[in-house]
Amino acid sequence: MTADLSWAAARELAASWPAGPVVDVPIREAVGAVLADDVLAPRPIPHYDSSAMDGWAVAGPPPWRITEEDVLVPGQAHPVVTGGAIPLGAVAVVPLERGVVVDGLLDAHAPEPGAHVRRAGEEAPAGAVLAAAGGRLSPAVVAVLAIAGVDAVSARRRPRVAFVLTGDEVDTAGLPAAGRVRDAFDPLLPAAATGLGADALPPVRVGDDPAAIRAATSADADVVVTVGGTGRSRVDRLRDALGDAEVLADGVAMRPGHPALLARLPDGRPLLGLPGNPLAAVAVLLSFLPPLLDALTGSTALEAVEAPVAVDLPGWPGGTSLVPCRWGEEGLEPAGAARPNMLRGLAASDVLAVVPPEGVAAGETAEVLPLPW
Ligand SMILES: Nc1nc2c(c(=O)[nH]1)N[C@H]1C(S)=C(S)[C@@H](COP(=O)(O)OP(=O)(O)OC[C@H]3O[C@@H](n4cnc5c(N)ncnc54)[C@H](O)[C@@H]3O)O[C@H]1N2
Ligand code: MOO
């Protein structure tokens, strides 16, 4: 067990998790999956010469005799529709509105060779890498694969994340009494996990009962995220609930979020423990779920994003600070309302700035974690 890892070391620990299984994923389920192998174009894209306009495919100079022949000789024209195959011998397409037909003879200005013709292979030759191994499949990339005629890919699926919400003091409706709070996580954490590239299961509420917490960790998910109960009080029962899990990080030198916990469940799956304070929970989720998801899926991690800051961001000597910031004209500005129990600063923010112990001076740049919504 390691206590108080640095923020960077805890991220590396998450990033070193073994990858999940590679499976054949049908293309209609592939958005968000991560490719295990490059996908190559099985043939040229597009795979045939086609018309970009409704009109006539023509061969040679005008006028052209309209024909239904599949092979044109100079002086012939063949009616075509947008996307339709053009006949052999055609060198250009004359759009409908540019031609006049009299007695089966088409007349128009002579088109430039190749006008309004989409040539086979002009988007990609056969064998071109359409999507590289390690890439998370966006809807647009999946559309490219579909266009290319690919039916399934060899990939790791979007990991499923289970959320286990502890806390006997949490209400889910109405105005809570003193000592009780309204739930902040239902609208927040599943959407954040989805935005980070996971499939989120509906959160399960287990109060502060260790047996219920432990039972909930057996959810059918690739990652278990618990919330609350990371403290040391008599009601903070996460450690009791972990049983035979191997605690890899019990505390991270970060603020907010220092009670963050990373453990390996007996079956090898990762458990990420978020502190109950809402901003702390989000800071921990955004710090460690992305490297875990990248590791589980074999995804190529994105480069760290740096952004200029508009005002001095003081550091915390004990470690890394995560500061909700919004974009101002000169760069990032702290959004305020950023105590660990508060959410209004986060709600007004665009990113979390990652501030090292020495702080970041106005005009310098800071690493940022984009907000996944
Ligand atoms: N003696 C110490 N006390 C505390 C320490 C410490 O080091 N020594 N650390 C503080 C820090 S930092 C944090 S963060 C919290 C960690 O608390 P837990 O993870 O044990 O979480 P809880 O005690 O269950 O709750 C903390 C806080 O969060 C609120 N909460 C919980 N669930 C929800 C929810 N679904 N929606 C909204 N708010 C929620 C809960 O009511 C508490 O206010 O410990 C500090 N204490
Ligand atoms: O995780 Mo705690 O929020 O640092 O207050």
Side-chain angles (χ1 to χ4, degrees), residues 3-7 10 161-193 200-210 212-214 216-217 224-242 247 249-263 271-289 314-324 334 336-347 349 352-355 357 369:
D4 282 317
L5 281 183
S6 72
W7 183 77
V161 176
F163 285 101
V164 180
L165 307 185
T166 71
D168 287 333
E169 77 287 14
V170 181
D171 289 347
T172 53
L175 295 172
R180 300 193 62 80
V181 294
R182 264 298 286 274
D183 173 48
F185 295 126
D186 219 29
L188 188 55
L189 298 182
L201 301 179
V204 174
R205 280 167 209 291
V206 291
D208 289 316
D209 170 15
I213 298 173
R214 189 188 307 204
T217 64
V224 177
V225 176
T226 61
V227 191
T230 61
R232 308 273 172 183
S233 80
R234 66 190 158 73
V235 295
D236 291 327
R237 309 304 296 277
L238 178 59
R239 281 173 199 75
D240 298 346
L242 287 181
V247 178
D250 191 359
V252 175
M254 63 188 288
R255 191 158 99 170
H258 79 79
L261 187 144
L262 182 62
L271 178 142
L272 179 61
L274 315 183
N277 276 334
L279 182 58
V282 171
V284 173
L285 188 83
L286 299 192
S287 294
F288 306 118
L289 189 58
W316 167 54
T320 302
S321 308
L322 294 159
V323 183
R339 295 183 67 166
N341 59 315
M342 297 180 176
L343 280 174
R344 292 198 66 208
L346 183 73
S349 291
L352 293 184
V354 180
V355 180
L369 302 181

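We're numbering straight along the sequence, starting at 1. Order of appearance sets the numbers: ligands from 1, and atoms from 1 within every ligand. We use all heavy atoms of the structure for the numbers below, so side chains are in, but hydrogens, waters and symmetry mates are not.
- What you find for P317 and P357 is that their closest heavy atoms are O-CB, 4.0 Å.
- For atom 12 (S) of ligand 1, the protein comes within 4.0 Å by at least one heavy atom.
- Contact annotation for atom 46 (N) of ligand 1: protein absent (non-hydrogen atoms, distance under 4.0 Å).
- Those atoms of ligand 1 with a heavy atom of G228 less than 4.0 angstrom away are 19 (O), 21 (O), 24 (O).
- For atom 16 (C) of ligand 1, a protein non-hydrogen atom is found at a distance below 4.0 Å.
- In terms of heavy-atom proximity, V355 sits nearest to P314 at CG1-O, 3.7 Å.
- Of all protein heavy atoms, the one closest to atom 43 (O) of ligand 1 is N277 OD1, 4.0 Å.
- Ligand 1 places these atoms under 4.0 Å from at least one heavy atom of R182: 36 (N), 37 (C).
- Scanning all protein heavy atoms for the shortest distance to atom 19 (O) of ligand 1 gives T230 OG1, 2.5 Å.
- In terms of protein heavy atoms, atom 23 (O) of ligand 1 is closest to D236 OD1, 3.3 Å.
- The contact shell of ligand 2, taken as protein residues with any non-hydrogen atom closer than 4.0 angstrom, comprises P256, G257, H258, P259, P275, N277, A280, P340.
- Taking CG of D208 as the reference point, atom OG1 of T166 lies at 5.0 Å (rounded to 0.5 Å).
- Remark: atom 39 (C) of ligand 1 lies closer than 4.0 Å to at least one protein heavy atom.
- Taking all atoms of both residues into account, the shortest heavy-atom contact from L322 to S287 is CD1-OG, 3.5 Å.
- Across all non-hydrogen atoms, the minimal contact from G318 to A253 is O-CB, 3.4 Å.
- Across all their heavy atoms, P275 and T230 have their closest contact at CA-OG1, 3.7 Å.
- Residues D209 and R237 form no side-chain contact, since every pair of their non-hydrogen atoms from C-beta on lies 4.5 Å or further apart.
- Between G231 and ligand 1, an N or O atom pair is found at a separation short of 3.5 Å.
- Those atoms of ligand 1 that come under 4.0 Å of a heavy atom in D183, given as number and element, are 34 (C), 35 (N), 36 (N).
- Taken from CG in L242 to OG1 in T217, the straight-line distance is 8.0 Å, to the nearest 0.5 Å.
- Not a single heavy atom of P340 sits under 4.0 Å from any atom of ligand 1.
- Nearest protein heavy-atom contact of atom 36 (N) of ligand 1 is A184 N, 2.9 Å.
- With respect to atom 24 (O) of ligand 1, the closest heavy atom belonging to the protein is G229 N, 3.3 Å.
- Within the listing of ligand 1, atoms 32 (N), 33 (C), 34 (C), 35 (N), 36 (N) sit less than 4.0 angstrom from a heavy atom of F185.
- Between T226 atom OG1 and R214 atom CZ the span is 13.5 Å, to the nearest 0.5 Å.
- With respect to atom 5 (C) of ligand 1, the closest heavy atom belonging to the protein is H258 NE2, 4.5 Å.
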Let me have the donor-acceptor pairs involving side chains of residues 279-286, under 3.5 Å, with sequence neighbours excluded, atom names and distances please.
none

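- For the atom pair CZ (R205) and CG (D183), the distance works out to 4.0 Å, reported to the nearest 0.5 Å.
- Considering both main-chain and side-chain atoms, G276 comes within under 3.5 Å of ligand 1 through a nitrogen or oxygen pair.
- The distance from atom CE of M254 to atom CZ of F288, rounded to the nearest 0.5 Å, is 4.5 Å.
- The protein heavy atom nearest to atom 41 (O) of ligand 1 is E169 OE2, 2.9 Å.
- For ligand 1, the polar-atom distance check finds no N/O of L274 at less than 3.5 Å from any of the ligand's N/O atoms.
- Note that the CG atom of D186 and the OG1 atom of T172 stand 8.5 Å from one another [nearest 0.5 Å].
- Taking distance alone, with nitrogen or oxygen atoms compared against 3.5 Å, R205 stays at or beyond that limit from ligand 1.
- Annotation: R182, atom CZ; neighbour count of heavy atoms from other residues, nucleotides and ligands within 6.0 Å is above 12.
- Under the side chain to side chain contact (heavy atoms under 4.5 Å, CB included) rule, F185 has a single partner from L274, V227, V225, V170, which is V227.
- For V170, the closest heavy-atom approach to ligand 1 falls below 4.0 Å.
- For atom 30 (N) of ligand 1, the nearest protein heavy atom is under 4.0 Å away.
- Between V323 and P334 the shortest heavy-atom distance is CG1-CB, 4.2 Å.
- Partner of L271 under the side chain to side chain contact (heavy atoms under 4.5 Å, CB included) criterion, chosen from V164, V224, L262: V224.
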